[in-house]
Amino acid sequence: MKSMIQNILQKSNLDARDIRLLLSVTEAEDIEQIRSNAYSIMLEKTGESVWLRGLIEFSNICINDCYYCGIRKSNRGIDRYTLSREEIIDSAKWSADKGYGSVVLQSGERNDAKFIGDLIEIVSEIKSETTSANLPNGLGITLCVGEQSYSDYKRLFDAGAHRYLLRIETSNPQLYAKIHSPNQSFEKRIECLKSLKDIGYQLGTGVMIGIPGQSLDDLANDIMFFKEIDADMIGMGPFIVHSETEFANLKPLYEKRKREIYIQSLLMIAVARLYLKDVNIAATTALQALYPMGRETGLTFGANVIMPLLTPTEYRESYQLYNGKPCIDEFSSDCFDCIQRRVESVGRKIALDQWGDSLHHTLNNKK
Ligand code: 5AD
């Protein structure tokens with residue numbers, strides 16, 4: 001196996017079989033070989049800096065019923081909230097003062113005119129309120145508010161948002177159908193990703209790893225899908241069972257699979273780095289939900305983005321997409337110090353006062 005992996009790692013372009021093989025390794029020595037190669041590519045392409053995106057989970061109201069998600073519409077067991085405009089702007093201003101450079105505005109999905117109208121105003125206000133000598137173009141704004149129409153994506157872009165996260169969740173259409181309600185569609189998701197790209201957003205997508213019924217081939221195809229859709233940013237994390245969802249009864253099984261899914265998630269980061277090279281890849285909070293050192297370990301496998309939580313503490317309890325979300329009782333200032341320590345503990349440093357755009361996007365725009 002060792003020499004097979006070495007041969008693959010020497011190739012400049014991997015194919016589907018190579019990707020599948022790299023994702024299948026289980027021996028520590030093989031994992032380390034893949035990790036260190038991915039890390040070198042990351043250093044070469046994106047440098048050692050870690051970009052920060054302050055994450056503001058501004059509402060848990062959702063019109064969708066994704067079977068895996070804790071804030072799905074039919075979960076009656078949580079308090080629904082939407083932050084006031086002032087709370088959102090204050091959080092954004094706080095993060096600009098701290099030097100974060102970028103924020104992510106994330107919420108459950110809504111498509112009504114008020115939701116979009118308010119969001120457009122909030123985006124432009126954040127822009128104007130955070131423009132300073134340190135940030136001449138204001139905070140970088142990433143949106144993560146689900147499937148919207150082309151024209152609403154465009155309006156939000158024109159208001160100043162320039163990056164968008166919309167996970168494909170899985171690139172296998174049959175598996176996609178199994179984890180979403182019948183009124184959601186794989187084709188619609190693809191159409192949205194294409195619209196976002198067409199409008200000029202830096203496009204972020206990703207998958208969950210360890211979805212019930214997901215195979216190694218699915219995961220290999222996910223990585224190839226990221227290239228096909230020309231993603232600029234990747235955010236992936238382990239699937240984690242939430243007790244108020246269709247998958248609640250899988251909890252004992254997932255407790256047993258925890259280590260396997262964790263390793264698989266780290267390998268997905270490394271192989272995505274090896275295959276896509278110049279994209280931004282996030283070390284997601286869900287990794288830390290499985291193991292306390294998950295996020296910093298993600299950085300050592302080739303990730304270069306981390307998303308400290310900025311959601312006001314009193315709302316964090318109500319924004320649990322999966323059980324065991326870390327940092328629920330902490331304040332944003334704790335998260336800032338903690339993230340800095342975590343990043344430094346693996347020999348990296350955080351980049352302050354910068355947007356940290358995806359190199360892939362910058363290079364594509366120059367063509
Ligand atoms: N486990 C892991 N990730 C989840 N997400 C939603 N529910 C879960 C879960 N149970 C992820 C989805 C979504 C992102 C915002 O959160 O991938 O796109």
Side-chain angles (χ1 to χ4, degrees), residues 53 55-75 77-78 104-110 142-148 163-172 175-176 178-181 184 186 188-190 192-193 196 203-214 218-219 222 225-226 229 231 233-251 253-255 257-258 261-262 264-265 268-269 272 281-291 294-295 298 305 307 309 311 316 318-326:
R53 280 81 174 96
L55 177 59
I56 308 175
E57 298 150 330
F58 68 91
S59 174
N60 65 356
I61 299 176
C62 191
I63 57 165
N64 280 331
D65 236 332
C66 307
Y67 295 161
Y68 47 84
C69 183
I71 64 165
R72 54 183 302 205
K73 179 177 70 179
S74 48
N75 180 6
I78 52 171
V104 178
L105 300 180
Q106 186 182 88
S107 71
E109 189 171 310
R110 274 174 60 190
T142 307
L143 295 178
C144 181
V145 296
E147 296 178 357
Q148 305 293 342
R163 296 191 281 242
Y164 203 103
L165 305 175
L166 182 65
R167 288 189 179 175
I168 187 71
E169 313 298 356
T170 169
S171 63
N172 175 339
L175 188 57
Y176 188 94
K178 283 194 187 135
I179 61 170
H180 292 98
S181 66
Q184 296 175 272
F186 183 78
K188 172 85 194 298
R189 187 62 62 105
I190 300 279
C192 285
L193 290 170
L196 290 163
L203 180 68
T205 192
V207 294
M208 289 182 292
I209 296 139
I211 299 170
Q214 187 179 43
D218 289 331
L219 291 173
D222 290 343
F225 170 84
F226 300 154
I229 202 81
M233 320 177 289
I234 308 294
M236 302 176 284
F239 164 79
I240 300 172
V241 175
H242 189 287
S243 54
E244 299 305 316
T245 62
E246 307 278 314
F247 296 116
N249 61 349
L250 295 180
K251 216 160 194 142
L253 175 69
Y254 272 74
E255 206 35 59
R257 289 189 64 196
K258 190 167 137 176
I261 292 177
Y262 179 64
Q264 198 101 81
S265 302
M268 281 291 279
I269 293 178
I281 303 182
T284 55
T285 317
L287 280 169
Q288 191 179 323
L290 287 193
Y291 286 94
R295 273 202 279 185
V305 169
M307 295 158 72
L309 206 51
T311 312
R316 294 185 179 189
S318 303
Y319 201 96
Q320 293 195 63
L321 310 178
Y322 46 82
N323 291 140
K325 178 181 176 177

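Atoms considered below: every heavy atom in the structure, side chains included; atoms not considered: hydrogens, waters and symmetry mates. Note that ligands are numbered from 1 as they come in the structure, with each ligand's atoms numbered from 1 the same way.
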Asks: Taking the six-membered ring of Y254 as reference, does the cationic atom of R257 (NZ for Lys, CZ for Arg) lie under 6.0 Å from its centre and within 45° of its axis?
Replies: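 Checked: cation-pi criterion met.
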Asks: Can you name the one residue among L203, T205, L193 that meets side-chain contact (heavy atoms from CB on, under 4.5 Å) with L166?
Replies: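 Considering L203, T205, L193, a side-chain contact (heavy atoms from CB on, under 4.5 Å) with L166 is found only for L193.
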Asks: To the nearest 0.5 angstrom, please state how far the NZ atom of K188 sits from the CD atom of E147.
Replies: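 That separation rounds to 4.5 Å.
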Asks: Using the ring of each side chain (for Trp, its six-membered ring), is F247 parallel, tilted or perpendicular to F239, with breaks at 30° and 60°?
Replies: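 Answer is perpendicular, since the angle exceeds 60°.
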Asks: Kindly write out the residues that satisfy side chain to side chain donor-acceptor pair (under 3.5 Å) with Q264, not counting sequence neighbours, or none if the list is empty.
Replies: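 With neighbours one apart ignored, the set is empty.
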Asks: Does either side chain, that of Q184 or that of S181, offer a donor lying less than 3.5 Å from an acceptor on the other one?
Replies: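 Yes, because at least one side-chain N or O of Q184 sits under 3.5 Å from a partner of the opposite role on S181.
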Asks: At a heavy-atom distance under 4.0 Å, which protein residues reach ligand 1? Sort them by chain and number, would you?
Replies: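 Contacting ligand 1 under 4.0 Å are Y68, C69, Q106, R167, E169, M208, P238, F239, I240, L321, Y322.
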